[in-house]
Amino acid sequence: MRKAIVAGNWKMNKGQNEAIECFTAMAAQSWPDHVQVVIAAPFTHLSSVAKFTESKSNFFLAAQNCHPEANGAFTGEVSIPMLKEIGVTHIIIGHSERREIFKEDNKFIARKVNAILEAGLIPIFCCGEPLSIRKSNNQQDYVEQQIQESLFQLGDSDIQKVIIAYEPIWAIGTGETASPDEAQEMHAAIRTMISERYNVEIADLISILYGGSVKPANADEIFSGHDVDGGLVGGASLDPVIFEQVINSYPA
Ligand code: 13P
């Protein structure tokens with residue numbers, strides 16, 4: 001059975017005190033047992049919020065990025081062992097903002113995937129097409145290339161540990177959401193890609209999250225897609241009360 005996951009990506013938002021307030025509020029919330037909740041906070045807050053995730057067995061801490069090397073002369077970067085040491089269990093990689101603004105390519109992202117798995121942590125691998133590709137109806141080929149070049153080097157046991165987040169770039173922070181049918185269609189296509197490269201059993205074990213303007217008003221419809229195993233939520237994860245509503249929108 002694949003896992004249900006609702007993850008929040010805070011991006012470059014909140015000071016440390018505000019982060020602690022949010023984690024304190026979340027530790028007191030009640031969530032469905034079958035849903036894993038992950039928060040990706042800015043690097044500087046991770047060590048001070050890690051202890052709050054111990055309040056529940058389904059509460060996890062993520063970083064928003066990492067460098068593939070364990071240490072060395074990479075000024076300004078943060079390594080996977082550094083994150084692991086302070087209690088991070090998941091790492092977002094390949095977010096479209098990293099790809100577009102910081103020019104990260106599929107090959108570099110593949111190195112991060114490999115290093116995260118080698119360290120025993122869980123990559124949340126983001127993929128998704130820009131508007132121009134969606135308009136020309138080439139979104140499945142575009143996403144397939146991202147997945148092929150960053151994930152398909154993995155063996156049968158490692159691929160099962162990856163969480164995939166499909167985030168159409170045109171739906172991120174825009175208020176525009178893929179329709180539940182558009183989300184389901186791409187998620188099913190991703191699962192087919194994986195079953196063709198590996199097999200149906202493996203494809204069935206992989207959680208595929210949808211990201212892009214998920215909020216309480218649309219979460220239950222999006223999460224009801226057969227191949228949609230949860231969400232990667234930006235703006236609506238910043239307020240713990242609103243995010244709790246998104247978490248509780250996951251089907252029972
Ligand atoms: P929004 O939910 O703000 O559209 O952001 C989505 C996202 O990029 C999560 O990683």
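Numbering of ligands and ligand atoms starts at 1, following listing order.
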Could you list, one pair per line, each nitrogen or oxygen of ligand 1 together with any protein nitrogen or oxygen closer than 3.5 Å, giving atom names and the distance rounded to 0.1 Å?
{"from": "ligand 1", "atom 1": "2 (O)", "to": "S213", "atom 2": "N", "distance (Å)": "3.4"}
{"from": "ligand 1", "atom 1": "2 (O)", "to": "G234", "atom 2": "N", "distance (Å)": "2.9"}
{"from": "ligand 1", "atom 1": "3 (O)", "to": "G235", "atom 2": "N", "distance (Å)": "2.9"}
{"from": "ligand 1", "atom 1": "4 (O)", "to": "G173", "atom 2": "N", "distance (Å)": "2.6"}
{"from": "ligand 1", "atom 1": "4 (O)", "to": "S213", "atom 2": "N", "distance (Å)": "2.8"}
{"from": "ligand 1", "atom 1": "5 (O)", "to": "K11", "atom 2": "NZ", "distance (Å)": "3.3"}
{"from": "ligand 1", "atom 1": "8 (O)", "to": "K11", "atom 2": "NZ", "distance (Å)": "2.8"}
{"from": "ligand 1", "atom 1": "8 (O)", "to": "H95", "atom 2": "NE2", "distance (Å)": "2.8"}
{"from": "ligand 1", "atom 1": "8 (O)", "to": "E167", "atom 2": "OE1", "distance (Å)": "3.4"}
{"from": "ligand 1", "atom 1": "10 (O)", "to": "N9", "atom 2": "ND2", "distance (Å)": "3.0"}
{"from": "ligand 1", "atom 1": "10 (O)", "to": "H95", "atom 2": "NE2", "distance (Å)": "2.9"}
{"from": "ligand 1", "atom 1": "10 (O)", "to": "E167", "atom 2": "OE1", "distance (Å)": "3.2"}
{"from": "ligand 1", "atom 1": "10 (O)", "to": "E167", "atom 2": "OE2", "distance (Å)": "2.9"}

Please give me the minimum heavy-atom distance between S213 and T177, naming the atom from each residue.
O-OG1, 3.6 Å
Ring centre gap for F60 and W31 strictly below 6.0 Å
no
is_close_aromatic(F152, Y198), centroid dist under 6.0 Å:
yes
pair E100-I169: side-chain heavy atoms closer than 4.5 Å:
yes
Side chains of F243 and C22: does their closest heavy-atom pair fall under 4.5 Å?
no
Quick check against the 3.5 Å criterion: does N58 have a side-chain atom that pairs as donor or acceptor with the backbone of P32?
yes
